[in-house]
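Everything on this sheet refers to the single structure shown next.
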There are 2 protein chains.
Amino acid sequence: MESTQYIAALSALAHDGRLEIYRLLVQAGPAGLTVGEIGDALAMPGATLSFHLSQLKHAGLVAARRDGRRLIQTANFERMNALVAYLTENCCGGQACAPVCEPACAPAASVPRRAQKRARA
Amino acid sequence: MESTQYIAALSALAHDGRLEIYRLLVQAGPAGLTVGEIGDALAMPGATLSFHLSQLKHAGLVAARRDGRRLIQTANFERMNALVAYLTENCCGGQACAPVCEPACAPAASVPRRAQKRARA
DNA sequence: TCCATATTTCTAGAATAATGGAAATAAAGA
DNA sequence: TCTTTATTTCCATTATTCTAGAAATATGGA
């Protein structure tokens, strides 16, 4: 994933309406929500919602599958994980840094879990 | 932390130059870097760098401490962790969702680690 | 085929953000 | 106090993004 992809993902999330849409989809999980359901939940005009969904899709944070005449939108969890990993890449120069940046960069850190627990205490 | 604070953090990171600055500071860890060092590393004019650092500070992602006539900039790891937790809050409706959204939302999930391991398999 | 529903594309004005040179401020040493 | 170095603020220009009505498109059912 390229640097510009991360910028796209962050830009997509850096908007009140879009962040709400995204969080709604994260909470909905793999089952997803239709465009209409999202519009109702957030009281957002169709054109505006469609614009924001397209931004989220362009950033790879949201995907859609068709179900009859509705489109079911779902969050792309892999993209989210990649973004978090990128932000915390080589955190603290790669040293054991658990007390500083736990939990966000723990998955990226190449430190055994036992060592992290010890450092945290 | 308010919703607007998360938007501020995401907006701050949603810019090529600022994302580079932030990642540089994450990698530098608690020791931090001076404004001049960042400017040299990224070949960015002083006024531009100062503008971007102020955005990152306003978003709470970066803090500064003075050391003589330089200002040492450091990443605020707590804010990063809060942001990740917010994005993944109540992920998948609170169900055991490890295979879907591990690792980003694992710290936020209220699911015992054993149950997550089982679900992942 | 015709209709109703679901969603997207088009559009343009309004609002917001980025850039970097020049001038201002802040701190430390001579 | 004067000077040097480090950093920020001011400013105008340019570029990008947001909003939502109206029109267009897609799908499934009668």
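Throughout, a chain's letter reflects where its sequence line sits, starting with A, and its residues are numbered from 1.
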Tell me which residues in residues 3-22 of chain A put a heavy atom below 4.0 Å from DNA chain D, sorted by number, or none. H15(A), R18(A)

Please list, in numerical order, the residues of residues 59-72 of chain B that have a heavy atom closer than 4.0 Å to any atom of DNA chain D.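 Within residues 59-72 of chain B, the residues near DNA chain D are R69(B), R70(B), L71(B).
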
Considering only heavy atoms of chain A and a distance under 4.0 Å, specify the first and last nucleotide of DNA chain C in 5' to 3' order that meet this criterion. dA4(C) to dT9(C)

Using 0.5 Å steps for rounding, measure from the [atom1] atom of [X] to the [atom2] atom of [Y].
{"X": "R18(A)", "Y": "L56(A)", "atom1": "CZ", "atom2": "CG", "answer": "6.5 Å"}
{"X": "Y6(A)", "Y": "L19(B)", "atom1": "OH", "atom2": "CG", "answer": "10.0 Å"}
{"X": "L87(B)", "Y": "M80(A)", "atom1": "CG", "atom2": "CE", "answer": "4.5 Å"}

Interatomic distance where CG belongs to L49(B) and P belongs to dT9(D) [whole Å]: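 One finds 13 Å between P of dT9(D) and CG of L49(B), rounded.
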
Separation of L33(B) atom CG from dT7(D) atom C1', in whole Å? 16 Å

Mark yes or no for whether N76(A), through its side chain, and A63(A), through its backbone, hold a donor-acceptor pair below 3.5 Å.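 Looks like no, no N/O pair under 3.5 Å.
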
Any protein N or O atoms within reach of nucleotides 13-16 of chain D? Criterion: under 3.5 Å, listing atom names and distances.
none

Can you list the residues that meet the side-chain contact (heavy atoms from CB on, under 4.5 Å) rule with S11(A), with sequence neighbours excluded?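 I7(A), A14(B).
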
What residues form a side-chain contact (heavy atoms from CB on, under 4.5 Å) with T48(A), not counting sequence neighbours?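 If we apply the side-chain contact (heavy atoms from CB on, under 4.5 Å) test to T48(A), skipping adjacent residues, the hits are M44(A), P45(A), H52(A).
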
Hydrophobic clusters here meaning ILVMFWY residues chained together by side-chain heavy-atom distances under 4.5 Å, can you tell me if V26(B) and I72(B) are in one? no

Is L24(A) reachable from V62(A) through a run of hydrophobic residues whose side-chain heavy atoms are each under 4.5 Å from the next? yes

Name the atoms and distances for all side-chain donor-acceptor pairs under 3.5 Å in residues 30-43 of chain A, with sequence neighbours left out.
from: T34(A); atom 1: OG1; to: E37(A); atom 2: N; distance (Å): 3.1
from: T34(A); atom 1: OG1; to: E37(A); atom 2: OE1; distance (Å): 3.4
from: E37(A); atom 1: OE1; to: T34(A); atom 2: N; distance (Å): 2.8

Per the side-chain hydrogen bond (donor to acceptor under 3.5 Å, both in side chains) rule, what does the pair list look like for residues 55-68 of chain B, sequence neighbours excluded? none

Please lay out, stage by stage, how I21(B) and L49(B) fare under the test side-chain contact (heavy atoms from CB on, under 4.5 Å). CA-CA 9 Å; I21(B) 295 169; L49(B) 175 54; 3.5 Å; yes

Where along residues 51-58 of chain B does a heavy atom come under 4.0 Å from DNA chain C, residue by residue in number order?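 Listed by number, they are F51(B), H52(B), Q55(B).
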
Once you apply a heavy-atom cut-off of 4.0 Å, does G36(B) come out as touching a base, just sugar-phosphate, or nothing? sugar-phosphate

In chain order, what residues pass the ring pair (Phe, Tyr, Trp, His ring centres under 6.0 Å) check against F51(A), with sequence neighbours excluded? none

Evaluate L13(A) against L83(A) for side-chain contact (heavy atoms from CB on, under 4.5 Å), listing each step before the verdict. CA-CA 11 Å; L13(A) 294 172; L83(A) 179 59; 4.3 Å; yes

With salt bridge (Lys or Arg N to Asp or Glu O under 4.0 Å) as the rule and sequence neighbours excluded, what pairs involving residues 22-36 of chain A come up?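 Of all non-adjacent pairs touching residues 22-36 of chain A, those that pass salt bridge (Lys or Arg N to Asp or Glu O under 4.0 Å) are R23(A)-E89(B).
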
How would you list, by chain and number, every residue that makes a salt bridge (Lys or Arg N to Asp or Glu O under 4.0 Å) with R70(A), sequence neighbours excluded?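 R70(A) satisfies salt bridge (Lys or Arg N to Asp or Glu O under 4.0 Å) with no residue once adjacent residues are dropped.
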
